[in-house]
S.K.: 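One structure, pasted below without further comment.
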Amino acid sequence: MAISIASLTTSLSSLSFSSQISQKPNTLSFSRSNSPSFPLSHPSKQPLTLRVSATVSSPETSTTTTDLKKLVKSRLPGGFAAQTIHGTGRRKCAIARVVLQEGTGKVIINYRDAKEYLQGNPLWLQYVKVPLVTLGYESSYDVFVKAHGGGLAGQAQAISLGVARALLKVSQDHRIPLKREGLLTRDSRIVERKKVGLKKARKAPQFSKR
């Protein structure tokens, strides 16, 4: 299987590379043609092919965020505090300020779509929409949220409480069905603080007799 230097030089000189840009945006691909046939002892082997592709990330996410920010500012003149139908929800360390406006059921959290912000988690998305679904308003109001603190699970439950409280501003007749589902109750459970001499709230170090 020895390859002479002369034959290798001749084969390498016969190489030709062609570059082309694919039809997909922001994608660059290179392909090699005229594959050389080396004088190996096994000529029946398939010639090697080389394909290199590079993808450039597009700024669609930032553009969408900018568009949503402009939409929220146009829909909420004066900010969240100046709106009439609003509510504040809390859960663990999360705080969410919610504003309702008549619309088609769009949910925007921190200038991002709810499905994108909550990472597509169906349980967290259900928390946000439960008060609206309970009253049959899932496609009647647009929800604008400004949330901070805690994690996504805590923020989702805080948004649920904020939406339920905002629906009381629409009509006090909503109190009975919302209270029946437990959507107006503030969940006060939080993580118990760590104690001195313990590893966590109640977990003690392992006892060694000897």
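Fair warning: this is a prediction, and the values are worked out from it, not measured in the lab.
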S.K.: Residues two or more places apart in sequence or in another chain: which of them pass side-chain hydrogen bond (donor to acceptor under 3.5 Å, both in side chains) with Gln157?
M.R.: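 With neighbours one apart ignored, the set is Arg91.
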S.K.: Can you check whether Thr88's main-chain N or O pairs, donor with acceptor, with Arg165's side chain at less than 3.5 Å?
M.R.: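 Here the side-chain-to-backbone pair exists.
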S.K.: Look up atom CG in Leu68 and atom CZ in Phe144, then write down how far apart they are to the nearest 0.5 Å.
M.R.: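 Rounded to the nearest 0.5 Å, the CG-CZ separation comes out at 9.5 Å.
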S.K.: Is the shortest heavy-atom distance from the side chain of Gln155 to the side chain of Tyr117 under 4.5 Å?
M.R.: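 They are in side-chain contact.
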S.K.: Is the side chain of Lys195 donor-acceptor paired with the backbone N or O of Arg193 at a distance under 3.5 Å, no angle test?
M.R.: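 Present.
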S.K.: Rounded to the nearest 0.5 Å, what separates atom NZ in Lys106 from atom CG in Leu71?
M.R.: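 Spacing of NZ (Lys106) from CG (Leu71) equals 5.0 Å.
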S.K.: Using the side-chain hydrogen bond (donor to acceptor under 3.5 Å, both in side chains) criterion, which residues pair with Arg189? Sequence neighbours excluded.
M.R.: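 Partners of Arg189 by the side-chain hydrogen bond (donor to acceptor under 3.5 Å, both in side chains) criterion, ordered by chain and then number, come out as Asp187.
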S.K.: Would you check, one step at a time, whether the test side-chain contact (heavy atoms from CB on, under 4.5 Å) holds for Glu181 with Val130?
M.R.: CA-CA 9 Å; Glu181 297 295 330; Val130 160; 5.9 Å; no
S.K.: Are Val128 and Val170 in one and the same hydrophobic cluster, where Ile, Leu, Val, Met, Phe, Trp and Tyr link if side-chain heavy atoms are under 4.5 Å apart?
M.R.: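 Same cluster: Val128 reaches Val170 through Ile, Leu, Val, Met, Phe, Trp or Tyr contacts under 4.5 Å.
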S.K.: side-chain contact (heavy atoms from CB on, under 4.5 Å), that's the test. Do Gln101 and Tyr141 meet it? Break it down for me.
M.R.: CA-CA 5 Å; Gln101 280 192 356; Tyr141 286 96; 5.9 Å; no
S.K.: Count I, L, V, M, F, W, Y as connected when their side-chain heavy atoms are under 4.5 Å apart, and connections chain through other members. Are Leu168 and Val143 then in the same cluster?
M.R.: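 Looking at the clustering, Val143 is in the same group as Leu168.
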S.K.: Please check: side-chain N/O of Thr134 versus main-chain N/O of Leu178, any donor-acceptor pairing under 3.5 Å?
M.R.: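 No; judged by distance alone, with no hydrogens or angles, the pair does not exist.
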S.K.: Which pair of non-hydrogen atoms, one from Tyr111 and one from Lys69, has the smallest distance, and what is that distance?
M.R.: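 Result for this residue pair: CD2-CA, 3.7 Å.
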S.K.: Do Arg175 and Leu184 have side chains that get closer than 4.5 Å, going by heavy atoms?
M.R.: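 In contact.
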S.K.: Out of curiosity, does Val163 fall in the hydrophobic cluster containing Leu123 (side-chain heavy atoms, cut-off under 4.5 Å, transitive links)?
M.R.: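 Cluster IDs for Leu123 and Val163 match.
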S.K.: Examine Leu167 and Val145 and state if one hydrophobic cluster contains both, with Ile, Leu, Val, Met, Phe, Trp and Tyr joined whenever side-chain heavy atoms are less than 4.5 Å apart.
M.R.: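 In one cluster: yes.
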S.K.: What do the steps show when you test His86 against Leu100 for side-chain contact (heavy atoms from CB on, under 4.5 Å), and what is the final call?
M.R.: CA-CA 6 Å; His86 62 87; Leu100 297 182; over 6 Å; no
S.K.: For Gly79, is there any backbone N or O sitting under 3.5 Å from a side-chain donor or acceptor partner on Gln83?
M.R.: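 Side chain of Gln83 to backbone of Gly79, a donor-acceptor pair under 3.5 Å: yes, one is there.
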S.K.: What are the two closest heavy atoms between Arg75 and Glu102, and how far apart are they?
M.R.: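 Heavy atoms only, the tightest pair is NH2-O, 3.5 Å.
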S.K.: Might you point out which heavy atoms bring Gly87 and Ala166 nearest each other, and give the distance in Å?
M.R.: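 Gly87 and Ala166 have their closest heavy atoms at N-CB, 3.9 Å.
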S.K.: Assess whether side-chain contact (heavy atoms from CB on, under 4.5 Å) is satisfied between Ile159 and Val107, documenting all intermediate values.
M.R.: CA-CA 11 Å; Ile159 293 171; Val107 182; 5.9 Å; no
S.K.: Can you run down the salt bridge (Lys or Arg N to Asp or Glu O under 4.0 Å) pairs that involve residues 197-210, sequence neighbours left out, and say none if there aren't any?
M.R.: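 Found Glu192-Arg202.
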S.K.: CZ of Arg90 to OG of Ser188: how many Å apart, nearest 0.5 Å?
M.R.: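 Reported to 0.5 Å precision, the distance equals 13.5 Å.
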